[in-house]
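Accompanying notes for the structure given below.
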Protein chains: 2
Amino acid sequence: MSDRVDSDEADALLKAAGLRITKPRRAIARVLADAHDHPDAEQVLARAREHDPSISQATAYRTLAALAEKGLLRTHTFDGSATRFEVANRPHHDHLIDVETGEVREFVSGEIERLQRRVAKEHGYEIIAHRLELYCRKAG
Amino acid sequence: MSDRVDSDEADALLKAAGLRITKPRRAIARVLADAHDHPDAEQVLARAREHDPSISQATAYRTLAALAEKGLLRTHTFDGSATRFEVANRPHHDHLIDVETGEVREFVSGEIERLQRRVAKEHGYEIIAHRLELYCRKAG
DNA sequence: ATAGTTGCAAACGTTTTGCAATGGG
DNA sequence: CCCATTGCAAAACGTTTGCAACTAT
């Protein structure tokens, strides 16, 4: 019900990373906590500057790197483009990337995951993590 | 038995891409045909320069881009680092990575591929390419 | 002959870094 | 108070591009 929840989530990210809580970092963490997409550093910076216009590019990159290094953000490098970020505490999903627009859709397929486990098992392994990306174009 | 095979393979790559056969391109294609690893552009250039030291960076990038665009090279972008290349004339496969030893096994699952196409179709897309990596540990 | 290709160098987009000033614990 | 953090600007990095000279067909 209360907005405080979001603010707490942002601070929690920073604390979990062992980072001092500062105004720029709070704005950046807030952006990530609120994001429903997979923004790259430039987009994170632009959004954070709506809260605090004085934030520098360097701080955005440094904060993102620190959070990612501590495992609090997941990073995706779709093809050769800019690294995109998302908070890591959300349920697993895979990605479908529109190669023409760069749009990213999330999906989950229990069947695919089951088959992945079967493949792993056939090789004598169990899956710790996986990455599945579908590079697509709109069907004609 | 004969070395000519390699040279032909390099030329075949260029012809298949509809590119004129030139000395720099032949050297680059040769490097790719001979590669047993996944070199990035800089490595391809360095190796090609052993055959022809006058090759420019621009030509390396342009040739790699042309071959990749025609589907004759596969590209991998591990993390955010430089794009790596490999000739695409080997059958498609996915990767199972042993997170403890780093060993990489290749596998193919027609069923998974079929489900991938179904997922894409459900979103109104067709798959251009995909990447599937299973990070595993040996089953207890 | 002529369209495709080249090397060079400059530009590009993303990310990192050196530094002096600032500010959080 | 002290060290982490900041903004700035410049540099680093991988990659692309404009251009005039060259070359395969």
Side-chain angles (χ1 to χ4, degrees), chain A residues 7 10-32 38-70 72-73 75-85 102, chain B residues 7 10-32 38-49 51-70 72-73 75-85:
Chain A
S7 153
D11 281 16
L13 274 174
L14 299 174
K15 281 184 188 144
L19 296 174
R20 281 193 186 173
I21 293 178
T22 67
K23 201 172 157 221
R25 282 179 179 163
R26 211 192 288 256
I28 290 162
R30 170 78 79 113
V31 164
L32 293 161
H38 302 72
D40 61 21
E42 186 187 13
Q43 292 172 313
V44 170
L45 176 58
R47 295 177 200 176
R49 278 179 169 162
E50 292 169 12
H51 296 278
D52 176 355
S54 71
I55 298 172
S56 75
Q57 198 192 38
T59 295
Y61 276 100
R62 285 191 277 233
T63 302
L64 290 168
L67 291 172
E69 194 188 354
K70 292 297 199 312
L72 292 148
L73 296 180
T75 66
H76 301 285
T77 311
F78 301 126
D79 264 346
S81 53
T83 304
R84 306 168 82 122
F85 301 86
Chain B
S7 151
D11 281 15
L13 273 175
L14 298 174
K15 281 185 187 142
L19 296 174
R20 282 190 185 174
I21 292 177
T22 66
K23 200 173 159 221
R25 281 179 180 163
R26 212 191 288 255
I28 290 162
R30 171 77 79 113
V31 165
L32 292 161
H38 300 70
D40 62 20
E42 187 187 11
Q43 293 172 312
V44 170
L45 176 58
R47 295 177 199 176
R49 280 180 169 162
H51 296 279
D52 175 356
S54 71
I55 298 173
S56 74
Q57 198 192 39
T59 294
Y61 276 101
R62 283 192 278 233
T63 302
L64 290 168
L67 291 173
E69 194 188 355
K70 290 297 197 317
L72 292 148
L73 296 181
T75 64
H76 298 285
T77 311
F78 299 126
D79 258 351
S81 53
T83 304
R84 309 178 86 92
F85 301 85

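Chain identifiers are assigned alphabetically (A, B, ...) following the order of the sequence lines, protein sequences preceding nucleic acid strands; residue numbering begins at 1 within each chain.
The 12-atom threshold is exceeded at NZ of Lys70(A), counting heavy atoms of other residues, nucleotides or ligands nearer than 6.0 Å.
Looking at heavy atoms from C-beta onward, Leu19(B) lies in side-chain contact with Leu67(B) at the 4.5 angstrom threshold. In this structure the side chain of Phe85(A) reaches within 4.5 angstrom of the side chain of Leu32(A), judged on heavy atoms. Annotation: side chain of Leu14(B) is not in contact with side chain of Leu72(B) (no heavy-atom distance under 4.5 Å). Side-chain atoms of Thr75(B) and Arg84(B), non-hydrogen and from C-beta on, never get closer than 4.5 Å to each other. Looking only at side-chain heavy atoms (C-beta outward), Thr83(A) and His76(A) stay at 4.5 Å or farther from each other. For the pair Arg20(B) and Arg25(B), the minimum side-chain heavy-atom distance is below 4.5 Å.
For residues 38-47 of chain A, proximity to DNA chain D is found at no residue, defined as any non-hydrogen atom under 4.0 angstrom from a strand atom.
Across all their heavy atoms, Leu45(A) and Gln57(A) have their closest contact at CD2-CA, 3.6 Å. Heavy-atom minimum distance, Leu13(A) versus Ala29(A): CD1-O, 4.0 Å. The minimum heavy-atom distance between Ala27(B) and Asp52(B), with the atom names listed, is CB-CB, 4.5 Å.
The C1' atoms of five pairs define one axis at each end of the helix from dA1(C)-dT25(D) to dG25(C)-dC1(D), and these two axes lie 40° apart (to 10°).
OP1 or OP2 of dT15(D) has at least one side-chain nitrogen or oxygen of Tyr61(B) nearer than 4.0 Å. Contact annotation: Thr83(B) side-chain N/O to dT15(D) OP1/OP2 distance is under 4.0 Å.
When distances run from any side-chain atom of Ala82(A) to the nucleotides dT14(C), dA9(D), dT6(D), the shortest one goes to dT14(C). For Gln57(A), the side-chain atoms get nearest to dT16(C) when compared with the rest of dT15(D), dT16(C), dT6(C).
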Going 5' to 3' along nucleotides 20-25 of chain C, which nucleotides have protein heavy atoms under 4.0 Å from the base (write B), which only from the sugar-phosphate (write S), and which from neither (write -)? ---BBS
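The distance from atom CD of Glu69(B) to atom P of dT15(D) is 16 Å, rounded to the nearest whole Å.
At the heavy-atom level, Arg62(B) lies under 4.0 Å from base atoms of the strands shown.
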